[in-house]
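See below for the structure under consideration.
Each residue takes its place number in the sequence, starting with 1. These numbers come from the heavy atoms of this one structure, side chains and all, not from hydrogens, waters or symmetry mates.
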Amino acid sequence: MRRLFALFAVLALAASAPRVLSAQDSNAVKQDRKEVRHDRRELRGDRKDIRHDTRDIRQDRRDVRQDVKRGDTTDARRDARDLRHDARDRRHDVRDARRDRRDLRQDRKDVHEDRQEKKDSTK
């Protein structure tokens with residue numbers, strides 16, 4: 001009786017294992033897709049910040065030139081400080097965008113690998 005029960009338990013586990021594994025695979029694919037969407041959203045935000053900072057830098061350069069031309073050194077110093085701040089902010093945004101692109105590439109690779117594993121496991 002115990003052998004029969006043990007045999008039944010082993011067969012039940014063997015039959016349910018592929019379903020459990022495929023459910024875990026689909027969760028991994030869903031999670032990777034979610035990460036891809038998140039990385040795309042972050043990358044769009046970084047690009048928007050870079051464009052905004054670039055416009056600010058151009059405007060600050062114009063303001064510094066005009067202040068120097070008029071001889072207003074106080075405003076020129078203030079605009080130069082703002083220019084340095086915007087340039088630093090832009091550098092950070094560029095670094096963030098580079099990191100997000102790398103994350104996006106890795107997440108896309110993970111999605112592809114998960115699909116391949118799922119395809120191979122169903123054969």
*asked:* Rounded to the nearest 0.5 Å, what separates atom NZ in Lys48 from atom CG in Leu43?
replied: 14.0 Å
*Under a single-linkage definition using a 4.5 Å side-chain heavy-atom cutoff for Ile, Leu, Val, Met, Phe, Trp and Tyr, are Val64 and Ile57 assigned to the same hydrophobic cluster?*
no
*asked:* To the closest 0.5 Å, what do you measure between CG (Asp60) and CG (Asp82)?
replied: 4.0 Å
*Is there a side-chain contact between Arg61 and Arg58 (heavy atoms, below 4.5 Å)?*
no
_Name the residue from Gln106, Arg105, Arg108 that meets the side chain to side chain contact (heavy atoms under 4.5 Å, CB included) definition with Val36._
Arg108
*For Asp53 and Asp86, which heavy atoms make the closest approach, and how far apart are they?*
CB-O, 4.2 Å
*Within a strict 4.5 Å, meaning less than it, do heavy atoms of the Asp67 and Thr73 side chains meet?*
no
*Is the closest side-chain donor-acceptor distance between His52 and Arg55 under 3.5 Å?*
no
*asked:* Nearest 0.5 Å, please: how far is CD in Gln31 from NZ in Lys34?
replied: 6.0 Å
_Just verifying a value: how many Å separate Asp32 CG and His112 NE2, rounded to the nearest 0.5 Å?_
12.5 Å
*Glu35 CD to Asp110 CG distance, which is reported to the nearest 0.5 Å*: 7.5 Å
_Could you check whether Asp96 pairs with Arg99 (Lys NZ or Arg NE/NH1/NH2 to Asp/Glu carboxylate O, under 4.0 Å)?_
yes
*asked:* As an exercise, state the distance from CG of Asp46 to CZ of Arg51, rounded to the nearest 0.5 Å.
replied: 11.0 Å
